[in-house]
Structures are given as structure tokens and as C-alpha cells.
2 protein chains.
Amino acid sequence: MGADPPTSLRERAERYSPAQRHTVDAALDLFADHGVGGTSFQMIADAVGVTKAAIYHQFGTKDAIVLAVLEVQLRPLESALEEAEREGPTVQSRETLLAQVIETVVSNRRALSTLQRDPVLFRLIEEDELARDLFSRLFAVLLGDDVRHHARVRAAVLSAAIGAVAHPFVADIDNDTLRADLLDVTRTLTFKLG
Amino acid sequence: MGADPPTSLRERAERYSPAQRHTVDAALDLFADHGVGGTSFQMIADAVGVTKAAIYHQFGTKDAIVLAVLEVQLRPLESALEEAEREGPTVQSRETLLAQVIETVVSNRRALSTLQRDPVLFRLIEEDELARDLFSRLFAVLLGDDVRHHARVRAAVLSAAIGAVAHPFVADIDNDTLRADLLDVTRTLTFKLG
DNA sequence: GTCTATAGAATGATAGAC
DNA sequence: GTCTATCATTCTATAGAC
């Protein structure tokens, strides 16, 4: 017995109750400000407006919250990726995917950038099969199945460049402008290099 | 009374005793693994091989350690920057500066990337006058004094791209290869865009 | 510069009532 | 799903001896 293991982040994220989603939102906010290690159950409980025990009822462990934050944040990327994979490896589908990724991170700057920065979240992504799979598929589609070293450096730089949405240098640039400029730079990295 | 305020990171870093430098090295290692928030005085003391009280004698507060880590890590960047500023805003000096920055981060991957990732360290950089000054001067030299929004997006992307040395995608690429490939990509971002 | 010892607060986590 | 109450542990920080 035991529940069927989920095969997608969407499936996994749909298992959360409204109360749990509320907690995840609050946790994400706190993670962005203090890092995962610097965020306690008490801080999360205070932010939600309940007691620690309630949060424990919802999640049991701190890792479970971190994982939930990860899932909810990566869902839009998964949707965009699945669509691109259905369309096959055309230039058009890669263009569309890149635009959707940029759109997602820009309209969700502070949140998604947290995932790329925090060492704890970073490690969780590496250890989580679904999340790891998502990223390798994402960059496989964006950059092609090239495994040579300079292709991997390009993938790393592209990944980092997307994460630049959260950089202080661009903090006061509005979403529309940032989306356009960032898309411009990342399109160069994706299509005109190598 | 009161010591003269230091006017450079070099000056500030030179004030630390050998014992303090040893502590800073250990702290940097732990910060990279667990984040600043996830690293305690006890963990640092254990890593150094002394008691918490000894660490407190050296630094007094956790923030002082974090600041010291920041200073020691940014010193090589400061040296390279000062050299470039002495040479003036030529293409050659920008090329040299970029190469030195890449060299520094590649030969020091895990450490320097920590600074770019951790939310706590990130905030400290924004709050610290010397550190903030260092970064704005660095990107002013690299990208010119252009303050228009797409120049700032490029600066953010360049900064993020440099931080890609720590990306898991390139973890198993040797230093020489990584240095060459990364320099190639960042040179494009620096000189052939905009 | 290092130690032992300690204070006082906060931590992750659990039990049991509502 | 939430509460109060409590546990052992760990945390930052300090005092005083060597």
C-alpha cells in the first residue's frame, strides 16, 4: 500500500490543501528574505497567522515545506516544457519555450530567483528526481542534445542569465521592459552562439 | 579616537589575525554548504577545532564573520579593478579585467559563487558601502557608463553568467576548459551585444 | 587566544484536547 | 485544522580562569 508515486510536478502539487498552499506562499516569501536555513517554523507560522503545531500538522518536517515550495514554483516551467516536447525539436518550439520561461520568471521574479540562489534549495533540486529531470529536459530542448563541454557551459550561463531577473541592477525596471531585454539577451545565448 | 575607517577591502582584510583568517576559511566552506542562515557558531567552531567562545573572541557576532568572508573573497576582484581603472577605459583594459575576473571565479568556484547565491550575503553586499562601490565600478568599467535599462540588464546577465561557474552543469569540467569557454561567452556578452 | 561553564532564548518536533 | 503545553536540543552570547 501507500499512494501512487506522482509522475509529474503538477500531480504532486495538486495534492496540497488550501491551507497548505497558503503556508507554501508564506514560506516562499520568507525563504527569499532569509534563506531556507534562516527561516524557522515559528517564522512561517507567524506569517500565516497560526501556531507552529498547525504547520507541523500540514507538513511534518521542514524539508516537506521546502519541497512543496519547489514544486509549486516549478509547475509553470513544467507545463511550458511539456508543450514544447509535444511540438518536437523545432526552432519555433524552442523560441516559444524560451519566451514562456522568461515570461514566467519575470512575472514571478523574486520567487523563482530564490530557487536558483539558496544552497539548500539548490541541493534539493539536485536530489529530487522530478526536479532534476525537469531541468535537464528544459535545457536539452533549449540548447539541443549536445553534451560537449561548451554546450554545457552555455546551458549553465543561460540558466544563470534567466536567474538574473532577480539581480539588484534590474530591480527598478518594469516587467515589460525587463521581459523584452532579457528575452533579447537569452535568445542570443540560445541561438546565436556555439 | 576610534580606528580610521578603511577605504578599501584590502585595507580592511589586512586587519585580520591568522586565527581569524583560519576561521574565515572554515566559515566560507560551511556557508557554501548550508547557507549563512544554516551555519551556526558551533559548526564553525567545530570545523576550526576550537570552542565557540574562541570564535566569539575573534569576531563577537555572526555578522562580523559574514562581513569578513565577504571582504576576503572580494579582494582579488578589487585588485583587478584598480589596475583596470589606472589603465583607463580602453578596450584592452576591459578585456584584461574580464579575463582576470573569470580567472578569479574559476579558480575559486565554489567559494565565490556562494557570495552570489546566498540571500544573506547578497543583502550584505547591498548594504556594505565598499562592496557596493566595488560592484558598480566593476560593471561600469566592463560595460561602460551606460545607465540605460538594456545596459543594466546586460550587466545583470553578465554578473549572473560569471556566477555560472558554480552551476552543476559544469561541475565536472576542468578549470582550463571552463575558463576558456566562460571567457568566450562573457566576452560576447560584454563586447558584441547592445 | 583559548578554555569551561552557564544564561536565556529559539529551535525542531510531539502529545493530546477541541 | 487548529489549539495549548511541553520535550530535548541547539542557538547566540557572556563571564571569568589560564
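Naming convention: chains lettered A, B, ... in sequence-line order (proteins, then strands); numbering from 1 in each chain.
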Nucleotide interval of DNA chain C bounded by contacts with chain A (heavy-atom cut-off, under 4.0 Å): C:dT11 to C:dA15

Search all heavy atoms of B:Arg12 against all heavy atoms of B:Leu130 and return the closest pair with its distance. NH1-CD1, 3.5 Å

Under 4.0 Å between any heavy atoms, over every strand shown, what does B:Phe41 touch: base, sugar-phosphate, or nothing? Just pick one. sugar-phosphate

In terms of side-chain geometry, is the basic nitrogen of B:Arg137 or B:Glu85 positioned less than 4.0 Å from the acidic oxygen of its partner? yes

Reckon B:Thr51 touches a base, only the sugar-phosphate, or nothing at all at heavy-atom distances under 4.0 Å? base

Using the rule side chain to side chain donor-acceptor pair (under 3.5 Å), only one of B:Asp174, B:Asp181, B:Thr177 pairs with A:His149; which is it? B:Asp181

What I want to find out is whether B:Arg132 reaches B:Glu127 closely enough, with some N-O distance under 4.0 Å, to be called a salt bridge. no

Between B:Ser40 and D:dT10, is there a contact of a side-chain N or O with OP1 or OP2 at under 4.0 Å? no

Looking for any heavy atom pair under 4.0 Å, which part of the strands does B:Lys62 touch: base, sugar-phosphate only, or nothing? sugar-phosphate

Scan residues 22-30 of chain A against DNA chain D and write down, sorted by residue number, each residue with any heavy atom closer than 4.0 Å; if none is found, say none. none

Lys/Arg-Asp/Glu bridge criterion (N-O < 4.0 Å) met for A:Arg179, A:Glu103: yes

If each of B:Gln20 and A:Met43 is mapped to the nucleotide of DNA chain C with the nearest heavy atom, which maps nearer the 5' terminus, i.e. the 5' end? B:Gln20

Do the side chains of B:Glu71 and B:Arg10 get close enough for a salt bridge, i.e. N-O under 4.0 angstrom? no

Could you tell me the separation between the CG atom of B:Asp46 and the P atom of D:dC11, rounded to a whole number of Å? 9 Å

Rounded to the nearest 0.5 Å, what's the gap from OG1 on A:Thr23 to CZ on A:Arg21? Could you check? 11.5 Å

List the atom of A:Gly88, the atom of A:Ser93, and the distance in Å for their closest heavy-atom pair. O-OG, 2.6 Å

